[in-house]
Protein chains: 2
Amino acid sequence: MTMNKNLLSGSTTMLILKLLDDKDMYGYQMIDELSRRSDDTFSLKAGTLYPLLHNLEEQEMIESYEEYAEGNRIRKYYKITKKGKKLLLEQRNEWNLYAEKINKVLEGGVEFVTI
Amino acid sequence: MTMNKNLLSGSTTMLILKLLDDKDMYGYQMIDELSRRSDDTFSLKAGTLYPLLHNLEEQEMIESYEEYAEGNRIRKYYKITKKGKKLLLEQRNEWNLYAEKINKVLEGGVEFVTI
DNA sequence: ACATCATATATAGATAATCTATATATGTCA
DNA sequence: TGACATATATAGATTATCTATATATGATGT
């Protein structure tokens, strides 16, 4: 990823699952789509994505099928499974909790609030 | 950390700097304070914190001084430096951007919005 | 015709932030 | 006295990302 690579650590799977929850995509398309939707904030590297996709497929979170594009080019499309949708939901809940608590800590140790 | 350890990756430094921006603290206190302020969502491990503090001190983001507590116990207090305050500000900006973009991706590829 | 770049998938090895496990020492409580 | 909380510290394991590299096709420019 661009920006602090560590901040994103652990969110990549969630983002990929979210993309596939919207529609089937092939790897390279996910990289572009993620970049576009995040206003170029997230630019996932191919070397990160492909192993991650293989891993998610092995865990049955996604399924792949091949489709011919122009020429002899074969594209490997991925589709989210029911199990993957469940994981996505869990990860979204976790993300919401995490973001909420980070913001709470950043608000500071305010003991008294004036009204 | 409790929860997904990877989600937090990269935020720990920011959270520690934020705690020290509120007031000087010693290591163990930071663990408790972070746990308290995050409603027990974040429970930083001592094995994570101490090396991180040594690192931040080496980079001159924080400074330490010793103070005697009850008995012969010496506590090592940490204080944020000007350089550390600057880093905190940068990391907060980065966090805000990151959270915003993650949420944008999670909103989905909505092309049209009804009014 | 050929080079170069974008598309597309893939893997090996490096980097870095966290973790677990362990060590040491003091204070408190049963 | 033993167990547990407090307090600091380090070594080694784990894991998610990265960079670098490989392969192959299609499009573009000269």
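Letters go in sequence order (proteins before strands), and every chain restarts at 1.
Among residues two or more places apart in sequence or in another chain, the side chain to side chain donor-acceptor pair (under 3.5 Å) test is passed with B:Glu57 by B:Ser64. Applying the side chain to side chain contact (heavy atoms under 4.5 Å, CB included) criterion to A:Asp39, with sequence neighbours excluded, gives B:Lys101, B:Lys104. Under the side chain to side chain donor-acceptor pair (under 3.5 Å) criterion, B:Asp32 pairs with no residue, sequence neighbours left out. The side chain to side chain contact (heavy atoms under 4.5 Å, CB included) check on A:Asn55 picks up A:Gln59, with sequence neighbours excluded.
Within the structure, every side-chain polar atom (N or O) of B:Thr12 is placed at least 4.0 Å from both OP1 and OP2 of C:dA17. Remark: B:Tyr26 is in phosphate contact with D:dA7, judged by side-chain N or O atoms under 4.0 Å from OP1 or OP2. Neither OP1 nor OP2 of C:dA17 sits under 4.0 Å from any side-chain N or O of B:Thr13.
Counting all heavy atoms, side chain and backbone alike, B:Met14 lies closest to B:Leu88 at O-CD1, 3.6 Å. Considering every non-hydrogen atom in both B:Leu44 and B:Thr12, the closest pair reads CD1-CG2, 3.6 Å.
With distances taken from any side-chain atom of A:Tyr28 to the nucleotides D:dT17, D:dT19, C:dT7, the minimum falls on C:dT7.
Heavy atoms of B:Leu52 sit under 4.0 angstrom from primed sugar atoms or phosphate atoms, though from no base atom.
With a 3.5 Å limit on both pairing distances and Watson-Crick or G-U wobble geometry required, the stems of 3 or more pairs in DNA chain C span C:1-30 with D:1-30.
For A:Asp32 and C:dA8, the CG to P distance is 8 Å, given to the nearest whole Å.
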Under 3.5 Å, which N/O atoms of the protein pair with N/O atoms of nucleotides 10-13 of chain C?
from	atom 1	to	atom 2	distance (Å)
C:dA10	OP1	A:Lys76	NZ	3.0
C:dA10	OP2	A:His54	NE2	2.9
C:dT11	OP2	A:His54	ND1	3.1

